[in-house]
Amino acid sequence: MRAIETQTPGGPAAERALAAEGKAAAEAAASAGDAPASELPLRLLLRFSDAGFERRFVQHYIAFYLRYAQASLLLGALLVSGDWLIDHLAHGGGAANFLRLSLAVPVLLLGLAYSCLPQSRRHWQPAMASFIVAVALCLFFILVRIDAEGGAGLKTWVGVLNFTFLEFYCFVILGVQFRHALASGLMILAAFLYALFAHAGLSAYEAGYWAYHVLTVFILAAGIGWWREFVLRKEFLARAALDDSLLAAEQRALRLAHYDEVTGLPNRRLLGELAAPALARACAGGPACAVLHLEIDRFGGVHELYGHGPSDVMLAGMAQRLRACLRGSALVPEWGLGPVGLAVESDRVLARLGDHAFAVFIAELEGQERASGLAQRLLAAVAEPVQIDGQHMLLTASIGIAMCPGDAQDLLNLTRCAEQTARVAAEAGGAQHKFFDEALNARAKDRVLLESELRQALLSDQLRLHYQPKVDARSARLVGAEALLRWQHPQRGLIPPGLFIPLAEDSGLIAPLTDWVLHTACQSLRRWAGQGLTVLPLSVNLPASSLADAGLPEQLSALVQHYGLQPAWLMLELTETMVMREMATAVAVLDRLRQLGFGLSLDDFGTGYSSLSHLKRLPMSELKIDRAFITDVARGGRDAALASAIITLGRELGLQVVAEGVETQEQAEFLIGRGCSLQQGYWFARPLPPEQFEPMLRAGTCRL
């Protein structure tokens, strides 16, 4: 497989090098970055206990000292050449003196040439020490030859002085690594002492006198060299600790910018960098690519129930499980392997895109079958039981698949298409995967447009309330009404709530819509009361989110006081499913509403949990039979039996029972015969705008 890697100039490649250096630095810092003083004993041969840190020390100073040594070698060649010139002028030309130019200077220049080679940095210290010793021995040999010719060699104070300075010269050049300078100096000192006692022809007294002074200078030079390196190493220790901390902070910043902190997976930004080369090849006619967008179904409920901590642990475990599905083709890198520019020797990359959303990028895709097979394996992995706070849970996921170059040609649009498709799969029941097509794209675009228009509708007076009468079917007398929201779109016409209420719930617009409905319903009640009309209870549907607000009773109480209404004029309708979702909270809120005098109606009874133990705890005043049981009620059978049972149950519990969705005379008569005379449906009246409903309200009947 081709490697998926980023090739952006100056970015990933540089960051890859930085990551490698940072990794080595971090490892060295872990062992020697905070080394105590015992790591630098006051011993003669200095060295860090960690070999990697020792190499860092040498590399840190080698640039400066290598240039310094090169300058010293050049200066040495010039000085030796100067000695030749002075001796030549003072004593005339001699074969021994010429050896300075033919023997010592070439050795110095050879060392200078070696220091310019790329590989010289690896063994620079011992090589330079060898060159210095070689030059010293050459000078010994030359001065001995000069003495033989009767010149000023080792038998004069000039030669002794030259070699005294040679000791300093050795420590100046090699001072960064004291042990190499010491070894070189000891060899030169040994050769010099041998020359004093064996060659110079001095008396024992004179040789000892000169040896004492040379040894004193040697000890002084060695002490200076040792102390200099000790200080340099202590300074480097502090500097390295600071550099490592800065590098670690930089690496963490790069990690946070490219990886998800909870799961350790690449984020959207890094996914884009890793996928870019494969996408470019696909758009240029190469193998196709695909993005699989995976969303865990109904994860919001898990998060609300357990909170951030356990949910994050579960997501991290889920990420590992998904990684295991992809492990056959290698995986994305773990934490600490470098934030960007990483080549993944695979055709798959797993990333986390949101709270409960993951994405898998597939390169080198032969066909849809392979993407479908991978999606099935991912769904199976998610479906395995997961443990949260000691409890086993079964989760499902929805996957949307988008192909490149067919569906989109860049990662942004591929991800968008796959996300839309995953949402459609979730709405279809979840635990499945779907491929993107243009019909889905059109629906998604229409959904986004409708959401934008709905926001505008709240500001531009496009919303309407229609009123559907509740009647006593025996006499067609009005006993109440239900306020139903409609949207009068300037181009699309009248839009029923089934098309935009779910959208409002998903987009967070349900709260302002509910506020608008409540205020408009109260305004209608106030207007009817002001006109002297009989004010009948007006039912208003509340969304599921309302019961989560403990301040709802006080909010509604303030609303009716503002419009001068009685709380009993408002009948608040709640579905059975939404009440059962948060039973403890719902009962507390409903009890408070009932105490304040509001009517409470349980809508769509029989289609939700239908738990009688829960029903007896709810302080309801009205029970509405869902239209699903009314459609075939006149034919008998199970629908008739269930409707009759609900009517009997409501009557025994002291609740007012209302049948909704009554559309035929047979249905109405059957319900009257079973004791349910309060009915609502098209048989009596459709939802009507205020100007058509108010005449019915004046007449008190739906039969005009």
*Test E451 against R455 for salt bridge (Lys or Arg N to Asp or Glu O under 4.0 Å), laying out the working first.*
CA-CA 6 Å; E451 178 183 339; R455 294 182 185 275; 3.0 Å; yes
*Looking only at side chains, do T263 and D260 share a donor and an acceptor under 3.5 Å apart?*
yes
*Is there side-chain contact between I501 and E505, with at least one heavy-atom pair below 4.5 Å?*
yes
*Is there side-chain contact between V360 and L326, with heavy atoms separated by less than 4.5 Å?*
yes
*Is the count of non-hydrogen atoms from other residues, nucleotides or ligands lying under 6.0 Å from R698 atom CZ greater than 12?*
yes
_Stepwise side-chain contact (heavy atoms from CB on, under 4.5 Å) check, S621 with M571_ = CA-CA 9 Å; S621 55; M571 178 73 71; 3.9 Å; yes
*What closest approach, in Å, do P266 and L271 show between heavy atoms, and which atom pair accounts for it?*
CB-N, 4.5 Å
*Does a side-chain heavy-atom distance below 4.5 Å link Y259 with N267?*
no
_R321, CZ atom: more than 12 neighbouring heavy atoms under 6.0 Å_ = yes
*How far does CG of D515 sit from CG of L559, to the nearest 0.5 angstrom?*
9.0 Å
*asked:* With no hydrogens and no angle check, just 3.5 Å: does a side-chain donor-acceptor pair link H433 and S398?
replied: no
*asked:* Between R635 and E666 (salt bridge meaning N to carboxylate O under 4.0 Å), is one present in this structure?
replied: no
_Strictly below 4.0 Å, N to O, side chains only: are R492 and E453 in salt-bridge contact?_
yes
*When you check the gap from the basic side-chain N to the acidic O, do E669 and R474 get nearer than 4.0 Å?*
no
*State the NE2-OG1 distance between H293 and T415, to the nearest 0.5 angstrom.*
8.5 Å
*Less than 4.5 Å apart, any side-chain heavy atom of L484 and any of P497?*
no
*Can you tell me how far the OG atom of S546 sits from the CG atom of L574, to the nearest 0.5 Å?*
7.5 Å
*Has the side chain of R352 got a donor or acceptor atom that lies under 3.5 Å from a matching backbone atom of G354?*
yes
*asked:* Do Q468 and E482 pair up side chain to side chain, a donor and an acceptor below 3.5 Å, judged on atom types alone?
replied: no
_Could you measure the distance from the CD1 atom of I495 to the CG atom of L450? Nearest 0.5 Å is fine._
5.5 Å
*Hey, are the side chains of P687 and Y682 touching, using non-hydrogen atoms and a 4.5 Å cut-off?*
yes
_Exceeds 12 heavy-atom contacts within 6.0 angstrom, atom CG of D355_ = no
*Which distance, rounded to the nearest 0.5 Å, do you find between the CG of L655 and the OG of S601?*
9.5 Å
_T701 to A476 - nearest heavy-atom pair and separation_ = OG1-O, 2.8 Å
*Side chains of F693 and L697 in contact at under 4.5 Å (non-hydrogen atoms)*: yes
*For the side chain of R464 and the backbone of D461, is there at least one donor-acceptor N/O pair under 3.5 Å apart?*
yes
*For the residue pair E694 and L688, establish whether any side-chain heavy-atom pair is separated by less than 4.5 Å.*
no
*Would you find a donor on one side and an acceptor on the other, under 3.5 Å apart, between the side chain of E652 and the backbone of T648?*
no
*Q656 side-chain N/O to L623 backbone N/O, donor-acceptor pair under 3.5 Å*: no
*Would you say the side chains of S539 and K470 form a donor-acceptor pair under 3.5 Å?*
yes
_Do I630 and E663 have side chains that approach each other closer than 4.5 Å (heavy atoms only, starting at C-beta)?_
no
*To the nearest 0.5 Å, what is the distance between CG (L465) and CG (L518)?*
9.5 Å
*For residues 477-513, which residue pairs qualify under ring pair (Phe, Tyr, Trp, His ring centres under 6.0 Å), counting only residues two or more places apart or in two chains?*
W487-H489, W487-F500
*Within the distance-only criterion (no hydrogens, no angle test), does the side chain of R674 pair as donor or acceptor with the backbone N or O of A643 below 3.5 angstrom?*
no
_Measuring centre to centre across the rings, with the benzene-like ring taken for any Trp, is W528 within less than 6.0 Å of Y467?_
yes
